[in-house]
Amino acid sequence: MDHNKLALPVGATLDRFIMRKQEDFPYATGELSQLLRDIALAAKIVNREINRSGLIDIAGAYGNRNVQGEDQQKLDVIANIRFIRALRNGGEVCTIVSEEDDEMIQTGNTQGKYIVAIDPLDGSSNIDVNVSIGTIFSIYRRMSPTGTDGTEQDCLQPGTHQVAAGYVIYGSSTMLVYTTGNGVNGFTYEPSLGEFFLSHPNIVSPKTGTIYSINEGSSDSFSEGVAEFVTYCKQNNFSARYIGSLVADFHRNLLKGGIYIYPATKKAPQGKLRLLYECNTLAFIVEQAGGKASNGRQRTMEIEPSNLHERCPLFIGSTELVEMAEAFLAKEQASTNVVISSH
């Protein structure tokens with residue numbers, strides 16, 4: 001009998017992978033590695049809460065609204081508490097920006113070198129119907145001197161300054177995907193062992209695809225360029241795939257190729273997604289995987305944020321599809337300029 005078949009390897013754990021990657025940086029001190037472990041720990045706890053939410057009455061609305069004016073779900077509040085607690089107890093983070101809090105959160109760790117911007121539970125309203133949801137996070141180095149609280153300027157850095165970014169998707173399996181600027185790697189959670197194992201090494205997103213993801217219920221509010229691009233997709237037999245959970249839509253297109261669009265609309269003229277802890281995070285990841293992200297005209301990570309909860313249109317996914325969408329918007333802009341100049 002082949003003994004190799006009796007004890008197949010389970011792969012590298014997240015902790016071991018982080019440790020090995022730390023060795024690639026001669027000046028690494030281990031703080032960023034520990035910070036990623038803190039996030040992974042909180043993700044395990046949130047995963048547990050999600051899996052038992054229907055049994056202990058923690059699904060559904062909480063009764064409050066967050067700074068975005070959105071109804072908070074009970075799991076939004078739980079996830080926010082868990083991640084803030086893990087980041088505070090870890091000691092590496094001085095300041096947190098969360099979708100669920102109006103203002104910056106000072107952790108009390110004034111020696112902490114990092115800022116974290118986080119959406120603790122993206123798509124949480126879908127939990128009641130068993131749709132995949134997620135956590136999205138960005139990590140920045142603080143600019144202010146250590147020994148003090150973090151400042152707003154520490155938080156309002158462009159996406160190009162990110163040192164790490166990632167997301168956790170809670171679905172048929174739970175995965176943590178992250179980058180530190182040297183490619184993208186995905187880890188699948190094995191609940192019986194309580195560990196994340198490397199399952200998707202060096203993720204490379206297809207250069208093109210045949211999936212477009214957009215909420216066509218808002219089609220009456222699309223600009224001419226967006227509407228024409230959607231028509232192009234239909235005429236070329238693209239598949240429409242829209243879950244309504246950003247992480248889930250992004251994760252599918254990252255692996256299979258496609259484009260996700262949340263444009264500016266009449267209802268949301270600045271777009272709906274948040275620049276700091278949604279758009280920049282996923283832009284960093286997709287670029288590291290060979291894809292592209294923009295607001296339709298400018299690279300997402302080069303946008304200078306002006307407030308903690310700034311919104312931004314998002315065109316993200318396979319490079320060829322994003323550039324094609326940008327071309328339709330450029331054509332629209334050129335047509336508008338011609339009309340203006342003629343008057």
Side-chain angles (χ1 to χ4, degrees), residues 14 17 36 39-40 43 117-119 121-123 126 131-139 159-160 162 164-189 196-215 229 233 238-263 273-275 277-296 299-301 312-326:
L14 176 64
F17 184 86
L36 289 168
I39 290 173
I118 189 166
D119 181 353
L121 205 58
D122 169 73
N126 286 322
V131 172
S132 297
I133 56 179
T135 295
I136 311 173
F137 63 90
S138 285
I139 302 173
T160 51
Q162 291 172 98
Y167 63 87
V168 183
I169 180 168
Y170 311 98
S172 55
S173 62
T174 295
M175 280 189 65
L176 186 153
V177 179
Y178 84 95
T179 181
T180 55
N182 291 280
V184 180
N185 293 280
F187 300 78
T188 299
Y189 184 58
F196 282 100
F197 288 94
L198 180 64
S199 57
H200 295 66
N202 192 28
I203 295 172
V204 177
S205 189
K207 291 295 182 183
T208 191
T210 57
I211 296 174
Y212 73 100
S213 306
I214 189 170
N215 181 6
F229 176 70
C233 292
F238 279 41
S239 297
R241 297 287 185 269
Y242 187 75
I243 298 171
S245 289
L246 173 60
V247 168
D249 280 309
F250 174 81
H251 182 71
R252 179 198 54 244
N253 293 358
L254 178 71
L255 298 181
K256 294 189 174 183
I259 182 170
Y260 175 93
I261 302 174
Y262 206 113
L273 302 177
R274 271 64 57 152
L275 177 62
Y277 40 82
E278 290 177 322
C279 300
N280 273 339
T281 306
L282 301 184
F284 190 18
I285 293 168
V286 83
E287 287 192 9
Q288 285 296 310
K292 187 171 183 177
S294 80
N295 65 359
R299 181 187 178 202
T300 299
M301 292 206 297
C312 176
L314 184 62
F315 297 73
I316 190 168
S318 298
T319 300
E320 290 184 11
L321 296 182
V322 174
E323 290 178 348
M324 191 180 299
E326 289 176 327

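The analysis underlying the following values was restricted to heavy atoms, covering all of them including side chains, and did not include hydrogens, waters or symmetry mates.
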- Task: Please round to the nearest 0.5 Å and tell me the distance separating atom CD1 of I203 and atom CG of N185.
- Result: 7.0 Å
- Only one of T160, L275, V286 clears side chain to side chain contact (heavy atoms under 4.5 Å, CB included) with T300; which? L275
- Note on the structure: salt bridge (charged side-chain N to carboxylate O under 4.0 Å, His left out) pairs touching residues 168-183, sequence neighbours excluded, are none
- Item | Test ring pair (Phe, Tyr, Trp, His ring centres under 6.0 Å) applied to F229 - qualifying residues, sequence neighbours left out | F328
- Item | Pairwise side-chain contact, I214 with Y262, heavy-atom cut-off 4.5 Å (strictly under) | no
- Sequence neighbours left out, what passes ring pair (Phe, Tyr, Trp, His ring centres under 6.0 Å) with Y170? Give chain and number order. none
- Would you give the length of the straight line joining atom CE of M324 to atom OG of S318, rounded to the nearest 0.5 angstrom? 10.5 Å
- Mind telling me whether Y178 and F187 have parallel, tilted or perpendicular rings, with 30° and 60° as the class edges? parallel
- Query: Ignoring hydrogens and geometry, is there a side-chain-to-backbone donor-acceptor pair from E320 to T208 under 3.5 Å?
  - Reply: no
- Query: Can you check side chain to side chain contact (heavy atoms under 4.5 Å, CB included) on I39 and I139, steps first, answer last?
  - Reply: CA-CA 11 Å; I39 290 173; I139 302 173; 4.1 Å; yes
- Sorted by chain and number, sequence neighbours left out, side chain to side chain donor-acceptor pair (under 3.5 Å) with T281 holds for S138
- Message: Using the side chain to side chain donor-acceptor pair (under 3.5 Å) criterion, which residues pair with T174? Sequence neighbours excluded.
- Response: N47
- Could you tell me the separation between the SG atom of C233 and the CD1 atom of I259, rounded to the nearest 0.5 Å? 7.0 Å
- Could you give all pairs that pass the salt bridge (charged side-chain N to carboxylate O under 4.0 Å, His left out) test and reach residues 283-293, with sequence neighbours left out? E287-R299, K292-E323, K292-E326
- Item | Nearest-0.5 Å distance, CD of residue E278 to CG of residue L273 | 5.0 Å
- Message: Applying side chain to side chain donor-acceptor pair (under 3.5 Å), can you list everything that pairs with Y212, at least two apart in sequence or on another chain?
- Response: E216
- Could you tell me which residues satisfy salt bridge (Lys or Arg N to Asp or Glu O under 4.0 Å) with R241, sequence neighbours excluded, listed by chain and number? none
- Query: If we only count heavy atoms from C-beta on, is the F137 to L36 side-chain gap below 4.5 Å?
  - Reply: yes
- Message: Could you tell me if the side chain of T135 sits less than 4.5 Å from the side chain of D119, heavy atoms only?
- Response: no
- Considering residues at least two apart in sequence or located in another chain, which fulfil the side chain to side chain contact (heavy atoms under 4.5 Å, CB included) criterion with T188? S173, M175, S199, H200
- Message: Are the side chains of I169 and V177 in contact, using a 4.5 Å heavy-atom criterion?
- Response: no
- Note on the structure: With sequence neighbours left out, the residues meeting side chain to side chain contact (heavy atoms under 4.5 Å, CB included) with D249 are S213, Y242, I243, R252, Y260
- Task: Compare all side-chain heavy atoms of V204 with those of V184 and state whether any distance is below 4.5 angstrom.
- Result: no
- Message: Tell me every residue that passes side chain to side chain donor-acceptor pair (under 3.5 Å) with S245, counting only those two or more places apart in sequence or in another chain.
- Response: N126
- Query: Side chains of I285 and Y167: does their closest heavy-atom pair fall under 4.5 Å?
  - Reply: yes
- Task: Tell me, please, which residues at least two apart from F238 pass ring pair (Phe, Tyr, Trp, His ring centres under 6.0 Å).
- Result: none
